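Working notes for the structure below.
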Amino acid sequence: MSQTSKSYEKIWVTIDQIPDGKVASYGQIADLAGLPGRARLVGKSLRFVPPDRNVAWYKVLRSNGQIAFTKGSEQALLQTGLLQEHGVMVLNNRVKLAEFQWQPDLGELLFGLQY
DNA sequence: GTATTGACTTCAT
DNA sequence: AATGAAGCCAATA
């Protein structure tokens, strides 16, 4: 097992903890996964997600609430649709973080990370 | 081994 | 609000 694949695992597990209707930023996920400063690694890892693993990549946004893809791109539109299906309002390629950013409490984190 | 790239973030214009 | 530079670090070439 390489160190990096373990990091990916932690990232994916962390993303799995984001409840429906909430979102998180790349940096936030990196921090919660025990990888402070590795925001870009989170983005990387999402390209490496195996197909058989369901990771809610669409709940991960930039630190300012914007979708990471170019506005109008196919991926951005897809992500927008998925977010809205899950109860997150998306306006002009952005989410209002004040309302929708995930604020994890200790209970949720411990429950998720024990696996 | 060096160089470039990017699903990022922050600070400064 | 918009844009750009710098910092960042693992993956690629």
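In this text, all values refer to a predicted model and were calculated from it rather than measured experimentally.
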task: Would you list the pairs meeting salt bridge (charged side-chain N to carboxylate O under 4.0 Å, His left out) in which at least one residue belongs to residues 49-63 of chain A, sequence neighbours left out?
output: A:E9-A:R53, A:D20-A:K59
task: Output every pair passing ring pair (Phe, Tyr, Trp, His ring centres under 6.0 Å) with a member in residues 82-104 of chain A, not counting sequence neighbours, ordered by first then second residue.
output: A:Y58-A:H86
- line: Residues in residues 82-97 of chain A with a heavy atom under 4.0 Å of DNA chain B, by number, are none
message: Using the salt bridge (charged side-chain N to carboxylate O under 4.0 Å, His left out) criterion, which residues pair with A:K96? Sequence neighbours excluded.
response: A:E99
- prompt: For A:F48 and A:G37, take the nucleotide of DNA chain C holding the closest heavy atom to each; which residue's nucleotide lies nearer the 5' end?
  reply: A:G37
Extract all donor-acceptor atom pairs below 3.5 Å that involve side chains of residues 40-49 of chain A and protein atoms in other chains or at least two apart in sequence.
{"unit_1": "A:S45", "atom_1": "OG", "unit_2": "A:V42", "atom_2": "O", "d": "2.7"}

message: Checking A:D105 now: which residues fulfil salt bridge (charged side-chain N to carboxylate O under 4.0 Å, His left out) with it, not counting sequence neighbours?
response: none
message: Going by the rule side-chain hydrogen bond (donor to acceptor under 3.5 Å, both in side chains), which residues pair with A:Y8 if we only count those two or more places apart in sequence or in a different chain?
response: none
field: Atom-to-atom span, CZ of A:F69 to C1' of B:dG6 - whole angstrom
entry: 12 Å
- request: Would you mind reading off the distance between A:D31 atom CG and B:dC8 atom C1', rounded to a whole angstrom?
  value: 12 Å
task: Could you pull out all residues at least two apart from A:F69 that satisfy ring pair (Phe, Tyr, Trp, His ring centres under 6.0 Å)?
output: none
task: Return the 5'-most residue of the pair A:S25, A:K44 with respect to DNA chain B, ranking by each residue's nearest nucleotide.
output: A:K44
statement: So the contacted stretch of DNA chain C, first to last nucleotide with an atom under 4.0 Å from a non-hydrogen atom of chain A, runs from C:dG7 to C:dT12
query: Which residues in residues 49-68 of chain A have at least one heavy atom lying under 4.0 Å from any atom of DNA chain B?
result: A:W57, A:R62, A:S63, A:A68
Spacing of A:Q101 atom CD relative to B:dT9 atom C1', expressed in whole Å: 13 Å
- prompt: Can you name the side-chain hydrogen bond (donor to acceptor under 3.5 Å, both in side chains) partners of A:Q79, sequence neighbours left out?
  reply: none
task: Taking the side chain as every heavy atom from C-beta outward, state whether A:V95 and A:L83 have any atom pair closer than 4.5 Å.
output: yes
- prompt: Hey, is the side chain of A:R47 poking within less than 4.0 Å of OP1 or OP2 on B:dA7, counting only N and O atoms?
  reply: yes
message: Under 4.0 Å, counting only non-hydrogen atoms across every strand here, what does A:R38 touch: a base, just sugar-phosphate, or nothing?
response: sugar-phosphate
query: Any donor and acceptor pair, going by atom type alone, linking the side chain of A:N92 with main-chain N or O of A:R94 inside 3.5 Å?
result: no
- request: Determine which pairs satisfy salt bridge (charged side-chain N to carboxylate O under 4.0 Å, His left out) with at least one residue from residues 64-86 of chain A, sequence neighbours left out, and list them in order.
  value: none
message: Counting the atoms with a prime plus P, OP1 and OP2 as sugar-phosphate, which does A:L46 contact under 4.0 Å by heavy atoms, base, sugar-phosphate, or nothing?
response: base
